[in-house]
Amino acid sequence: MGDTNGQVVAGGNGQGNRLDQLYGPSDVLIDKETDSLIICDVGNRRVVRWSHRSGTTQGEILIDNIWCYGLAMDDQRYLYISDQGKHEVRRYQIGDKNGTLVAGGNGGGAGLNQLNSPYYIFVDQQQTVYVSDNNNHRVMKWNKGAKEGIVVAGGQGQGNALTQLANPYGLFVDTLGTIYVADMWNHRVMRWPKGAKQGTVIVDGNGQGAGANQLHCPFGLSFDRHGNLYVVDRDNHRVQRFTIE
């Protein structure tokens with residue numbers, strides 16, 4: 001907190017596919033057990049791990065030949081990866097290359113057993129998988145072992161009504177099952193209580209822009225333990241912090 005400069009912890013050697021390079025990383029998580037970063041290196045179609053220890057100059061490939069986008073890890077250290085090429089989410093044990101299908105996997109489409117460009121994912125303590133189903137403009141919930149998902153936000157086509165989303169990206173679900181989603185092309189962050197038929201706008205809703213109360217293509221979001229919301233405000237090239245009532 002308070003730093004005006006960051007430090008490079010992975011990549012930083014230009015765009016490329018060497019082990020000391022990344023190409024368009026889209027998501028990252030911290031594996032506390034091994035004190036390392038797990039990164040979706042989307043441009044290289046691979047998931048890599050970079051040790052946090054000082055002196056680390058390159059990563060190691062965990063899974064390759066995967067058009068990954070989003071990552072999540074559950075309490076048992078299973079790794080979940082969305083594959084936008086195969087329109088599915090798989091669960092992996094670290095070191096396992098094949099994984100187990102947990103959402104989608106029936107080709108790209110809008111059926112309840114399908115996804116269409118799954119991007120960010122969130123996994124709760126029950127191993128329920130939430131997926132921002134980007135091209136279907138909805139958030140899907142897949143219970144553990146389910147053969148099809150449940151629409152829990154959007155799903156009414158692309159639009160800016162409170163019942164709609166427009167290419168959802170970042171996703172967070174709290175312990176009550178309330179969904180927070182970065183509604184990218186509507187330049188807003190929405191909150192959908194569990195079971196709700198429509199959401200409420202909690203950040204922005206003031207149209208695309210660069211003001212302190214505006215967003216321009218919000219991508220990622222996260223909460224800290226104090227309840228502050230952090231939003232990756234992509235096309236404003238900044239991260240914003242909001243206090244949510």
Side-chain angles (χ1 to χ4, degrees), residues 26-34 36-40 42 47 49 62-63 65-155 165 168-182 190-197 199 220-223 225:
S26 61
D27 205 359
V28 59
L29 56 83
I30 297 171
D31 179 12
K32 295 191 177 91
E33 288 279 317
T34 58
S36 58
L37 301 174
I38 297 175
I39 301 163
C40 174
V42 68
V47 176
R49 178 166 63 190
L62 292 180
I63 300 161
N65 299 316
I66 181 170
W67 195 1
C68 60
Y69 204 93
L71 302 171
M73 186 176 276
D74 68 19
D75 294 345
Q76 294 166 15
R77 290 190 69 239
Y78 282 103
L79 181 63
Y80 297 73
I81 306 173
S82 63
D83 185 332
Q84 55 183 320
K86 293 180 178 174
H87 308 288
E88 66 185 25
V89 180
R90 297 184 86 84
R91 181 179 69 224
Y92 297 81
Q93 280 186 301
I94 302 282
D96 168 22
K97 301 284 188 192
N98 297 316
T100 304
L101 182 71
V102 293
N106 294 295
L112 291 178
N113 69 343
Q114 293 178 301
L115 300 167
N116 191 348
S117 289
Y119 280 0
Y120 289 114
I121 51 182
F122 187 93
V123 179
D124 70 12
Q125 290 179 317
Q126 286 73 47
Q127 296 184 327
T128 307
V129 179
Y130 295 82
V131 187
S132 56
D133 189 10
N134 188 272
N135 285 346
N136 284 325
H137 313 290
R138 66 190 185 184
V139 176
M140 297 294 288
K141 172 184 175 179
W142 288 66
N143 292 311
K144 186 178 180 181
K147 296 290 180 234
E148 60 179 43
I150 303 160
V151 180
V152 289
L165 297 168
Y169 274 77
L171 198 56
F172 185 91
V173 184
D174 70 16
T175 52
L176 299 174
T178 306
I179 295 158
Y180 297 81
V181 57
M190 295 194 76
R191 175 168 58 200
W192 291 65
K194 188 175 184 177
K197 295 292 181 224
L221 53 82
S222 186
F223 280 89
R225 58 195 175 89

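FYI, the numbering just counts along the sequence from 1. Quick caveat: nothing in here was measured; it's all calculated off a predicted structure.
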Review point. Looking just at side-chain N and O atoms, do Gln127 and Asp74 make a donor-acceptor pair shorter than 3.5 Å?
Key: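 The answer is yes; a qualifying pair exists.
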
Review point. Side chains of Asn134 and Ser117: donor-acceptor distance under 3.5 Å anywhere?
Key: no

Point to revise | Set of residues satisfying side chain to side chain donor-acceptor pair (under 3.5 Å) with respect to Asp83, sequence neighbours excluded | key: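 Asp83 satisfies side chain to side chain donor-acceptor pair (under 3.5 Å) with no other residue.
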
Min side-chain heavy-atom separation [X]-[Y] under 4.5 Å:
X: Val139; Y: Asp133; result: no
X: Trp142; Y: Val89; result: no
X: Met73; Y: Tyr80; result: no
X: Val173; Y: Val152; result: no
X: Asp174; Y: Phe223; result: no
X: Leu171; Y: Ile179; result: yes
X: Tyr120; Y: Phe172; result: no
X: Thr128; Y: Lys141; result: yes

Review point. Out of Leu37, Ile63, Thr34, Ile39, which residue meets the side chain to side chain contact (heavy atoms under 4.5 Å, CB included) rule with Arg49?
Key: Thr34

Check your understanding: Is atom CD1 of Ile150 surrounded by more than 12 heavy atoms (other residues, nucleotides or ligands) closer than 6.0 Å?
Key ->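 More than 12 heavy atoms, drawn from other residues, nucleotides or ligands, come within 6.0 Å of this atom.
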
Shortest non-hydrogen separation from [X] to [Y] and the atoms involved:
X: Cys68; Y: Ser26; value: O-OG, 4.5 Å
X: Gln114; Y: Gly108; value: NE2-O, 3.8 Å
X: Pro168; Y: His137; value: CD-CA, 3.7 Å

Give a yes or no answer on whether the side chain of [X] reaches the backbone of [Y] with a donor-acceptor pair at less than 3.5 Å.
X: Ser132; Y: Gly170; answer: no
X: Thr178; Y: Trp192; answer: no
X: Asn106; Y: Asn113; answer: yes
X: Lys97; Y: Leu62; answer: yes

**Study point:** Row check, Tyr78 ring normal vs Arg91 NZ/CZ: under 6.0 Å, within 45°
**Key:**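 Yes, cation above the ring, under 6.0 Å and within 45°.
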
As an exercise, state the distance from [atom1] of [X] to [atom2] of [Y], rounded to the nearest 0.5 Å.
X: Leu71; Y: Asp27; atom1: CG; atom2: CG; result: 4.5 Å
X: Asp31; Y: Ile38; atom1: CG; atom2: CD1; result: 4.5 Å
X: Met190; Y: Leu221; atom1: CE; atom2: CG; result: 13.0 Å
X: Arg138; Y: Asn116; atom1: CZ; atom2: CG; result: 8.5 Å
X: Arg77; Y: Lys32; atom1: CZ; atom2: NZ; result: 11.5 Å

Exercise for review: On the 0 to 90° scale, with breaks at 30° and 60°, tag the Tyr130-Phe122 ring pair as parallel, tilted or perpendicular.
Suggested key: perpendicular

Check your understanding: Of all residues at least two apart in sequence or in a different chain, which pass the salt bridge (charged side-chain N to carboxylate O under 4.0 Å, His left out) check with Arg90?
Key ->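 Applying salt bridge (charged side-chain N to carboxylate O under 4.0 Å, His left out) to Arg90 gives Glu88.
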
